[in-house]
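Hydrogens, waters and symmetry mates are skipped; everything else that's a heavy atom, side chains included, is used.
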Amino acid sequence: MSARSEVRMATTGFEDHGEPGVPQGERVYAWVRDRIIEGSLATGSRVREREVAEALGVSRIPIREAFPRLEAEGYIRTLPRRGAVVAPLALADVVELFDVRASLEVLAARLAAARCAAGAEAERLVAALDTAERAVQAGGGGAIADATSEFHDAVVELAGNRLLQDLMLPVRGRVKRLFHIADGRDDRDVHREHRELCDAIVRGQTERAAALALAHVEHSRADTVPLIAAAAGTAELG
């Protein structure tokens, strides 16, 4: 399949409504990212500047601004003589992802709780939890995945550590893809764990928050990794 065909297939059924005031580079980033997450741009698909420019009606300048960010967050990979392609998410990648999450997300939870103990407000975190609860009640898979990702982003933001936020950028992209590809956990169980974690953070209970964050990651690992292994073995997922 040609790269032009790949991008044309990815645009089928989608409209891009450029919001006034949104930088074109941000539009390109969100457009490509969303199609990778939902699978209309599959693993290994070439993402050519020309076809993206035609699909969005933009020049190549904002595309060249967006692609480094997409690569840094793990959505695409630049290969010699092929250019940008959708990055793989193989079993080994997923295992490594959980190993990193078990360290960084625990640290984020501990720091966030410490800041709350010192008087920081947690409005975004609480709002993200409320949004996730509504999504779970409505039963919308894509909305639940988005709300789950927002909750985790809110924890990292509340931690107030810029270096940690930078380190989480490539992790965040991979986690969001994983939520959409193969999350075998019961949504209500996940939300219950989020509710308990939010409570510990807001109350400033640092060690409880860290323990809950670790348990949350390990529960997700135990449920998700076998699904990835059963579905693909060592093959790459798209």
Side-chain angles (χ1 to χ4, degrees), residues 74 89 91-118 120-137 139-161 163-165 167-231 237:
L89 195 61
L91 178 60
D93 299 317
V94 174
V95 171
E96 290 180 356
L97 176 61
F98 277 108
D99 289 342
V100 172
R101 287 183 64 193
S103 294
L104 296 186
E105 290 188 18
V106 171
L107 174 60
R110 180 180 279 115
L111 292 175
R115 288 196 68 222
C116 284
E121 299 293 335
E123 293 98 336
R124 182 187 174 190
L125 182 63
V126 173
L129 185 69
D130 291 342
T131 299
E133 182 164 1
R134 289 192 296 271
V136 169
Q137 290 173 348
I144 293 172
D146 290 342
T148 297
S149 180
E150 168 64 16
F151 176 83
H152 286 280
D153 289 349
V155 174
V156 173
E157 181 184 79
L158 183 56
N161 186 300
L163 179 56
L164 177 60
Q165 291 172 3
L167 291 172
M168 284 297 296
L169 279 176
V171 175
R172 181 175 64 187
R174 289 167 174 83
V175 168
K176 193 165 187 177
R177 285 183 72 188
L178 188 61
F179 287 155
H180 282 263
I181 291 172
D183 187 359
R185 302 204 59 200
D186 181 89
D187 293 328
R188 296 189 180 277
D189 286 343
V190 173
H191 183 64
R192 175 183 51 77
E193 291 179 4
H194 284 172
R195 189 165 55 243
E196 292 173 353
L197 176 58
C198 182
D199 179 74
I201 290 172
V202 170
R203 291 176 182 271
Q205 300 170 339
T206 56
E207 295 309 312
R208 178 178 170 232
L212 289 170
L214 179 59
H216 178 64
V217 172
E218 293 304 331
H219 290 162
S220 183
R221 184 205 299 262
D223 288 338
T224 303
V225 170
L227 287 178
I228 301 290
L237 297 179

- [ ] For Ala132 and Ala147, work out which heavy atoms get closest and say how close.
- [x] CA-CB, 3.6 Å

Task: Heavy-atom closest pair, residues Ala154 and Ala128 - done: CB-CB, 4.4 Å

Task: Spatial distance of atom OG (Ser220) from atom CD (Glu193) [nearest 0.5 Å] - done: 8.5 Å

Open item on the list: Please check this pair: side chain of His219 against backbone of Ala215, looking for a donor-acceptor N/O pair closer than 3.5 Å.
Closed with: yes

TODO: Kindly give the heavy-atom pair with the smallest separation between Ala213 and Ala109, and that separation in Å.
DONE: CB-CB, 3.7 Å

Open item on the list: Assess the residue pair Val136 and Glu133 against the criterion (side-chain contact (heavy atoms from CB on, under 4.5 Å)); give the C-alpha distance rounded to whole Å, side-chain angles, the decisive distance to 0.1 Å, and a yes or no.
Closed with: CA-CA 5 Å; Val136 169; Glu133 182 164 1; 5.8 Å; no

Open item on the list: What's the separation between atom CG in Leu129 and atom CZ in Arg195, rounded to the nearest 0.5 Å?
Closed with: 7.0 Å

Open item on the list: As a test of understanding, state which of Glu157, Arg172, Glu105 forms a side chain to side chain contact (heavy atoms under 4.5 Å, CB included) with His152.
Closed with: Glu105

Open item on the list: Using 0.5 Å steps for rounding, measure from the CD atom of Glu196 to the NE2 atom of His191.
Closed with: 10.5 Å

Task: 4.5 Å side-chain heavy-atom contact, His216 and Val190 - done: yes

Open item on the list: Checking side chain to side chain contact (heavy atoms under 4.5 Å, CB included) between Val202 and each of Leu158, Val126, Leu197, which is the one that passes?
Closed with: Val126

Task: Nearest heavy-atom neighbours spanning Leu89 and Arg174 - done: CD2-O, 4.4 Å

- [ ] Quick one: which residue pairs count as a salt bridge (charged side-chain N to carboxylate O under 4.0 Å, His left out) with a foot in residues 206-215, not counting sequence neighbours?
- [x] Arg110-Glu207, Asp199-Arg208

Task: side-chain contact (heavy atoms from CB on, under 4.5 Å) between Leu164 and Met168, worked out - done: CA-CA 6 Å; Leu164 177 60; Met168 284 297 296; 4.1 Å; yes

Task: Mutual orientation of the aromatic rings belonging to His194 and Phe151 [parallel < 30°, tilted 30-60°, perpendicular > 60°] - done: parallel

Task: Distance (rounded to the nearest 0.5 Å) between Leu227 CG and Leu91 CG - done: 11.5 Å

Task: Residues Lys176, Thr148; criterion side-chain contact (heavy atoms from CB on, under 4.5 Å); working and verdict - done: CA-CA 9 Å; Lys176 193 165 187 177; Thr148 297; over 6 Å; no

Task: Atom pair CG (Asp146) and OG1 (Thr131), whose distance is rounded to the nearest 0.5 Å - done: 11.0 Å

TODO: Compare every heavy atom of Ala102 with every heavy atom of Arg221, then report the nearest pair and how far apart it is.
DONE: NH2-CB, 4.3 Å

- [ ] List the steps, then state whether side-chain contact (heavy atoms from CB on, under 4.5 Å) holds for Leu178 with Val94.
- [x] CA-CA 8 Å; Leu178 188 61; Val94 174; 4.2 Å; yes

Task: Residue pair Ile201 / Cys116: nearest heavy atoms and the distance that separates them - done: O-CB, 3.1 Å

